[in-house]
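Worksheet for the structure shown next.
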Amino acid sequence: MATPYNHREIEQKWRKNWEKNPVNVNDGKKPKYYCLDMFPYPSGSGLHVGHWRGYVISDVWSRYKMLQGHYVIHPMGWDAFGLPAENYAIKMGTHPRKSTADNISNIKRQINEIAAVYDWDMEVNTTDPEFYKWTQWIFVKMFKEGLAYEKEFPINWCPSCKTGLANEEVVNGCCERCGTGVTKKNLRQWMLRITKYADRLLDDLDKLDWPEKVKKMQADWIGKSYGAEVNFKVDGTDKEITVYTTRPDTLHGATFMVLAPEHEMAKELAVDETKKAVEDYIYQSSMRSSVDRMQDKDKTGVFTGSYAVNPINNKKIPIWLSDYVLADYGTGAIMCVPAHDDRDFAFAKKFGIPIVQVIAKDGQSIDNMEEAYTDAVGVMVNSGDWNGMESAVLKKEAPMMIEKMGLGKKTTNYKLRDWVFSRQRYWGEPIPIIHCPDCGNVPVPEDQLPLLLPEVESYQPTGTGESPLADIEEWVNTACPCCGKPAKRETNTMPQWAGSSWYFLRYVDNKNKEELVSKEKASKNLPVDMYIGGVEHAVLHLLYSRFYTKFLYDIGMVDFEEPFVKLFNQGMITGKNGIKMSKSKGNVVSPDDLVRDYGCDSLRMYEMFVGPPELDAEWDDRGIDGVYRFINRFWNLVMDNKDKNVTATREMIRTRHKMVYDITQRLESFSLNTVISGFMEYNNKMIEMAKKDGIDKETLETSVILMAPFAPHLCEELWEAMGHSESVYENQWPQWDEEAMKDDEKEIAVQINGKTKAVITLAADIDKDSALTAGKEALGDKLSGNIVKEIYVPGRIINIVMK
RNA sequence: GCCGGUGUGGCGGAAUGGCAGACGCACCAGACUCAAAAUCUGGCGAUGGCAACAUCGUACGAGUUCAAGUCUCGUCACCGGCACCA
């Protein structure tokens, strides 16, 4: 018996060896492959087995690509700005820089336990001034291009985090981070004009090899719709109100109009009798939180006292205010066609407004509509010249027709809003803008970047909704770079997304003092070939990164428009009953003990074995025993047979080629759980063969190479034990030969009417007639009655259909 | 409400329309052992039968097919996303 498997010794040994002789080196000849992990926020609680899974997936993929002859760019870094460190600072008085550094060193130690081929020379940290210099630089560039602008308007405000939020950060009316109900607050904010890129962000989704689900989520978020803007005159005045509608075909059915309470004309439409009610309604709406507005589906509203004129039929229709109309979508005003829109219908019913049907469903007009008919299917009625037209046709043509008639114009709309980019917090990149009374907003000159984040005494946001930076007078007061007169610095900081929107560019040139990334290195190493991370970033991070990349493309910094060619979202590892692992739930499983008891290789393989990588999986410690046993059996098989000089039999050769084929196919389709079960199956098969005739060395060596992406220490050790002085990663990924894979004989199920009655073994190349004859023979007595049909699927099945 | 996804043994899960349950966990029995652990061998969907075997079985109901976990239609359940977007 050979030495038993000792994971501690082996793993220590190879860690040291790899440090001296790295296995993933850029010799300048190999083609590059950029495999990127979503970089972590260095939280205080460290890594659990769920984080491991993602990092193991990307490392398996990286090592597989290495074996296919690539130099793999596989970096890691830290998304280290953000609220937790700042809140910790408020509570404990520790500077975020200190707690962040501590967390990073702890997590780095844990990540090293994974034994991934990360290249730490490429490490980046978003809070490093040498990094955020460029985060600020991009902002200055955007400002100069007119993409960053200031605006005062009611933004999403989290009362608990005491900061403004982007639309993307509001989930069901609550703060994405802390879950507190979001309110509106009127504040001066920095905005990024992401809407200017809406069409490109939408259209370029087609180019991406991403999960359809994520592409759809992004498309839905951008929310492009086609329709028309129609102008309505306010009766008795020369004022006009413009509405946006996707259903201009129903224009004749518009019997009232509703404005958002925040609409600029809301107040002036009130007449003496309605003035008080209108002002009350506007005030009440402003006080309601988003959650409130969303939960309460019951329509509220107030009549302004004014009327508009429907331009298509000159009918007078009342103008109402209601908070079901959103101020920041379309024009903040809508025409209401209660017969063909659910919300308008509910509103009209509640307030007794007439309902006029303009599309006849199934050619019928309905007298007392019970619900709105929202399909654009049917013939137009009550619609003047449009009567008799098909609604579906009219829906497409109406925008152009309306434009020709001079009633409005054809237009498109998006749900995507500009990005609220400023935060009233300390631990983020200072926005490099100086407010000068004479020159207006002046960016900090590029040669003066980075604008360092100053020290503060208190991290607590100020009561006025300003950042703690506002309290540092000597920092705030500065000279205008333009005219030299006294001016004030912007005190807001950037959101956490600022650094993560471009970090993947910096890895490949992280020490460059002159440029964000040199053009040469960018075009040589990017874009990212494979991006691996959780699906929770399907909208925010991925959309922002795409936006930044397109901007950098436009200003000539990079020569690609999409940062991530391929995307893989791994599922979450949960505790029992699918409960998310968290410190507060007490169900966090730390990898540390498992690595100690079973070894890194066993944990890596078990992480892959728990289930399909794209699905969530409940963690169960017990399963790792199975993987550990498998590794031991494999170890013993190789160690006991490596020196026996067995000549390969036909069966051994066949098994080897089949193994290469199966494992490669499963890897290519990212079915990593079945790769592991495949190893187990072939291991069982090899053990069985070894018992009979021994096993040849080439088959053993092949299996070691195939397993190397999954169990690196084990495979290096076995490879060395088999007499090789170079690393197992010096090999090329094995190839299979179709001919060699072919079986001589096949087991064929013999069925009557689709039910298996016998199983026979036939020569693989048998002809149809002989196969059927053999099949019928095997059935014997069971074959009674009239044979209607005989089916032979080579290598699989014989089915005799009888009456 | 709309849009996705999923539904298979006690459990995790596997099956290019072709023998459902690979592989593993747990469990049961046997071997080894003074004994236990470890290891090895065998068993392990349900019902009936001593047995060979038979019947049923992939959420539920229809359908297409020689053949359906897989394709089509409908229903239910759970998960995820969006949610008054005019």
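In the text below, chain A, chain B and the rest are named by the order of the sequence lines, each starting its count at 1.
- Rounded to whole Å, the distance from CG on A:D621 to P on B:A26 is 12 Å.
- Nearest-nucleotide positions on RNA chain B place A:R796 closer to the 5' end than the other of A:N799 and A:R796.
- Atom pair A:H537:NE2 and B:G80:C1' shows a separation of 16 Å (rounding to whole Å applied).
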With side chain to side chain donor-acceptor pair (under 3.5 Å) as the criterion, how do A:D616 and A:T574 come out once you've worked through the C-alpha distance, each side chain's angles and the decisive distance to 0.1 Å? CA-CA 7 Å; A:D616 292 353; A:T574 67; over 6 Å; no
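- Across B:A37 and B:C27, the matching P atoms stand 11 Å from one another, rounded to whole Å.
- Taking a cutoff of 4.0 Å between a charged side-chain nitrogen and a carboxylate oxygen, A:K410 and A:E229 do not qualify as a salt bridge.
- Atoms CG and NZ, on A:N753 and A:K755 in that order, are 9.0 Å from each other to the nearest 0.5 Å.
- At a cut-off of 3.5 angstrom, counting only N and O atoms as typed in the model, there is a donor on one side and an acceptor on the other between the side-chain of A:E747 and the base of B:C19.
- Rounded to a whole Å, the CG atom of A:D625 is 16 Å from the C1' atom of B:C23.
- To the nearest angstrom, C1' of B:C19 lies 16 Å from CG of A:N753.
- Listed by residue number, A:F609, A:V610, A:P612 are the residues of residues 605-616 of chain A with a heavy-atom contact under 4.0 Å to RNA chain B.
- One interatomic measurement links the two molecules: CG of A:N569 to P of B:C79, which rounds to 21 Å at whole-angstrom precision.
- A donor and an acceptor atom, one from each side chain of A:S225 and A:Y244, are located under 3.5 Å apart.
- When the P atom is used for both B:U41 and B:A46, the distance is 24 Å, rounded to whole Å.
- Here A:Y329 and A:Y414 keep their ring centres 6.0 angstrom or further from each other.
- With a glycosidic angle no more than 90° from 0, B:G9 adopts the syn conformation.
- The side chain of A:T674 lies closest to B:A14 when the candidates are B:A14, B:C66, B:C3.
- To the nearest angstrom, C1' of B:C19 lies 14 Å from NZ of A:K746.
- Contact annotation for A:K415: base contact, defined as any heavy-atom pair under 4.0 Å involving a base atom.
- Distance check: A:I798 CD1 to A:T773 OG1 gives 9.0 Å after rounding to the nearest 0.5 Å.
- Rounded to a whole Å, the CH2 atom of A:W210 is 17 Å from the C1' atom of B:G4.
- The P atoms of B:C76 and B:G42 are separated by 48 Å, rounded to the nearest whole Å.
- Between B:G12 and B:A22, the two P atoms lie 15 Å apart (nearest whole Å).
- Using a 4.0 Å heavy-atom cutoff across all strands shown, A:S225 reaches sugar-phosphate atoms only and no base atom.
- Ring-centre distance between A:F347 and A:W320: below the 6.0 Å cut-off.
- A donor and an acceptor atom, one from each side chain of A:D418 and A:T195, are located under 3.5 Å apart.
- Residue A:N673 places none of its side-chain N or O atoms closer than 4.0 Å to OP1 or OP2 of B:C23.
- Of the two residues near RNA chain B, A:A617 and A:F630, the one whose nearest nucleotide lies more 5' is A:A617.
- B:C40 and B:C23: their P atoms are spaced 15 Å apart (whole Å).
- Annotation: salt bridge (Lys or Arg N to Asp or Glu O under 4.0 Å) contacts involving residues 213-223 of chain A, sequence neighbours excluded, comprise A:E212-A:K215, A:K216-A:D220.
- Residues passing the side chain to side chain donor-acceptor pair (under 3.5 Å) test with A:R417, sequence neighbours excluded: A:D328.
- For the pair A:A764 and A:D743, the tightest heavy-atom approach, listed with the atom from each and the gap, is CB-O, 3.2 Å.
- Remark: RNA chain B forms stems of 3 or more consecutive Watson-Crick or G-U wobble pairs, all pair distances under 3.5 Å, at B:1-7 with B:76-82, B:10-12 with B:23-25, B:27-31 with B:39-43, B:45-48 with B:53-56, B:59-63 with B:71-75.
- B:G80 and B:A62 are spaced 29 Å apart, taking the C1' atom of each and rounding to whole Å.
- A:T300 and A:Y281 form a side-chain donor-acceptor contact under 3.5 Å, judged by distance and modelled atom types alone.
- Relative to the side chain of A:I797, the nucleotides B:A14, B:U55, B:G18 differ in distance, and B:G18 lies closest.
- Residue contacts for A:D620: at a heavy-atom cut-off of 4.0 Å it reaches no nucleic acid atom on any strand shown.
- In summary, the side chains of A:Y682 and A:D662 do present a donor paired with an acceptor at a separation below 3.5 Å, with no hydrogens or angles considered.
- The CH2 atom of A:W221 sits 21 Å away from the P atom of B:C2 (whole-angstrom rounding).
- Side chains of A:D298 and A:Y324: a donor-acceptor N/O pair is absent below 3.5 angstrom, by distance only.
- Between A:Y606 and A:W619, the ring center distance clears the sub-6.0 Å criterion.
- The six-membered or imidazole ring of A:F710 lies near that of A:F679, with a centre-to-centre distance under 6.0 Å.
- Contact between the side-chain N/O atoms of A:Y329 and the OP1/OP2 oxygens of B:A86 is found at a separation under 4.0 Å.
- Among the protein residues, A:N632 comes within range of no part of the nucleic acid, since none of its heavy atoms lies under 4.0 Å from any strand.
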Once each nucleotide of nucleotides 37-49 of chain B is scored for protein heavy atoms under 4.0 Å, what B/S/- sequence comes out, 5' to 3'? --SSS--------
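- In terms of polar N and O atoms assigned as donor or acceptor, the side chain of A:K755 never comes within less than 3.5 Å of the base of B:C19 in a complementary pairing.
- Rounded to whole Å, the C1' atom of B:U55 lies 44 Å from the corresponding atom of B:A36.
- Shown for residues 676-684 of chain A: residues whose heavy atoms fall under 4.0 angstrom of RNA chain B, namely A:S677, A:M680, A:E681, A:N684.
- The gap from the P atom of B:U6 to that of B:C71 amounts to 10 Å, rounded to the nearest Å.
- Between the side chains of A:Y598 and A:D625, at least one donor N or O sits under 3.5 Å from an acceptor N or O.
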